[in-house]
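Okay, structure first, notes after.
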There are 2 protein chains.
Amino acid sequence: MFIEIESNSDVPIYLQLAQQLMEGIVRGELKPGDSLPSVRAFASDLGMNMHTVNKAYHYLEEKELIQIVAKSGVIIQPNGVPKASEEKKQKLEAQLRPFVTEGLVLKLSEEELVVIVRKLVQKIEEGNE
Amino acid sequence: MFIEIESNSDVPIYLQLAQQLMEGIVRGELKPGDSLPSVRAFASDLGMNMHTVNKAYHYLEEKELIQIVAKSGVIIQPNGVPKASEEKKQKLEAQLRPFVTEGLVLKLSEEELVVIVRKLVQKIEEGNE
DNA sequence: TGTTTGCTCTACTATGTATAGAACAAATGT
DNA sequence: ACATTTGTTCTATACATAGTAGAGCAAACA
């Protein structure tokens, strides 16, 4: 599991970390039950602060993707991630809306937008870029 | 053109405003050459600060969707919006990536994600919700 | 000529991000 | 049993963004 953080990005580094861990889960590099590094060890590895890793972990815990066991460690959700509820799908749709709007205003067609999504799915599942 | 701002949203209100104006452009409610309200009048209408409207306008100007003519007013890009360059498409793809990841980690299939995007295109073009 | 326009300036508050160091109590490893 | 490691909690600092507020400017407009 290779983590790359862009310190110049406008995306907070705790979110970059969380997102890359999510991609690891999608790819199966991180399997249910796998343990993640301690906040101190991970922070040291990545050259960031303990609290920043902690924030990423809690972000993933809120999404029920990992389990944080106090004074013990952090593991990937052992039972696997349940499929998105209708509510979560709607939240995702709402979050997606501004970007679809941006595409449309830049004269991209529905098909072009679909192609972008399909390409992204491939990239994420294969671990490209 | 109806604008609705959610003050409880985690999306900054200047962005909410800019996004809804973009949807207006997509729908053709705002046509090239149309003028937008002055920052003061709009702010008064929407119950927000002049500077917040100003920020939304400059956000849209950076995207070349409107033209701000100092001491005169603001108009929708008169020549229409040029189609997205390859660079802009890639930027959009990068912005979309975390949300596609989120969908995949919640066990949504590629097809389900595509359906969400198609639904969104319809909603935005028809002005639903 | 008086009003409206976007622009600029300072100012203040609130929130989020990131880092830093310290201490705590429970789980873990030996 | 003991020392280490664990996530948690606390205080602190620094910086950026968001939002509001009020004032003044010079040019465009009617």
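Numbers restart at 1 for each chain; the letters A, B, ... are given by sequence-line order, proteins then strands. No experiment lies behind these values; they were computed from the predicted model shown.
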Per the end-axis method with five pairs at each terminus, what is the bend angle of the helix from dT1(C)-dA30(D) to dT30(C)-dA1(D), to 10°?
30°

Any side-chain heavy-atom pair of I5(B) and I3(B) under 4.5 Å:
yes

Would you say that more than 12 heavy atoms from the other residues, nucleotides or ligands in this model lie under 6.0 Å from the NZ of K107(B), or not?
yes

Polar atom pairs between nucleotides 28-30 of chain D and protein, under 3.5 Å, N or O only, would you list them?
unit_1	atom_1	unit_2	atom_2	d
dA28(D)	O4'	K71(B)	O	3.3

To the nearest angstrom, how far is K55(B) atom NZ from dA21(D) atom C1'?
15 Å

Less than 4.5 Å apart, side chain to side chain, heavy atoms only: is that true for L92(B) and L108(A)?
yes

Within the supplied structure, the quantity of interest is the number of heavy atoms (other residues, nucleotides, ligands) at a distance under 6.0 Å from E62(B) CD; does it exceed 12?
no

Looking at Q122(B), I want to see if its CD is surrounded by more than 12 non-hydrogen atoms of other residues, nucleotides or ligands under 6.0 Å.
yes

Interatomic distance where OH belongs to Y14(B) and C1' belongs to dT20(D) [whole Å]:
15 Å

Rounded off to whole Å, could you give me the CG-to-C1' distance for the N54(B) and dG19(D) pair?
13 Å

L21(A) side chain near Y57(A) side chain, heavy-atom distance below 4.5 Å:
yes

Counting only heavy atoms not in E126(B), do more than 12 fall under 6.0 Å of its CD?
yes

Nucleic acid contacts of residues 42-53 of chain A, taken as heavy-atom distances under 4.0 Å to DNA chain C:
M48(A), N49(A), M50(A), H51(A), T52(A)

Range on DNA chain C touched by chain A - first to last nucleotide, heavy-atom distance under 4.0 Å
dT17(C) to dT28(C)

Under-4.0 Å salt bridge between E23(A) and R27(A):
yes

Should the pair Y14(A) and Y59(A) be assigned to parallel (<30°), tilted (30 to 60°) or perpendicular (>60°) ring geometry?
perpendicular

Please confirm whether the backbone N or O of E6(A) pairs with a side-chain atom of Q16(A), one donor and one acceptor, at under 3.5 Å?
yes

Euclidean distance, atom CD1 of residue I68(A) to atom C1' of dT9(D) [Å, nearest integer]
14 Å

Salt bridge (charged side-chain N to carboxylate O under 4.0 Å, His left out) for E111(B) and R118(A)? Distances and angles first, verdict last.
CA-CA 9 Å; E111(B) 287 315 312; R118(A) 290 195 193 277; 2.7 Å; yes

Enumerate, atom names and distances included, each donor-acceptor pair closer than 3.5 Å involving a side-chain atom of residues 66-86 of chain B, sequence neighbours excluded.
unit_1	atom_1	unit_2	atom_2	d
Q67(B)	NE2	Q77(B)	OE1	2.8
Q77(B)	NE2	E64(B)	O	2.8
K83(B)	NZ	E112(A)	OE1	3.0
K83(B)	NZ	E112(A)	OE2	2.9
S85(B)	OG	K88(B)	N	3.2

Going by the ring pair (Phe, Tyr, Trp, His ring centres under 6.0 Å) test, which pairs reach into residues 108-129 of chain B, not counting sequence neighbours?
none

Examine dT5(D): is either OP1 or OP2 under 4.0 Å from a nitrogen or oxygen in the side chain of S38(A)? Give yes or no.
no

What is the distance, rounded to the nearest whole Å, between atom CG of L36(A) and atom C1' of dT6(D)?
14 Å

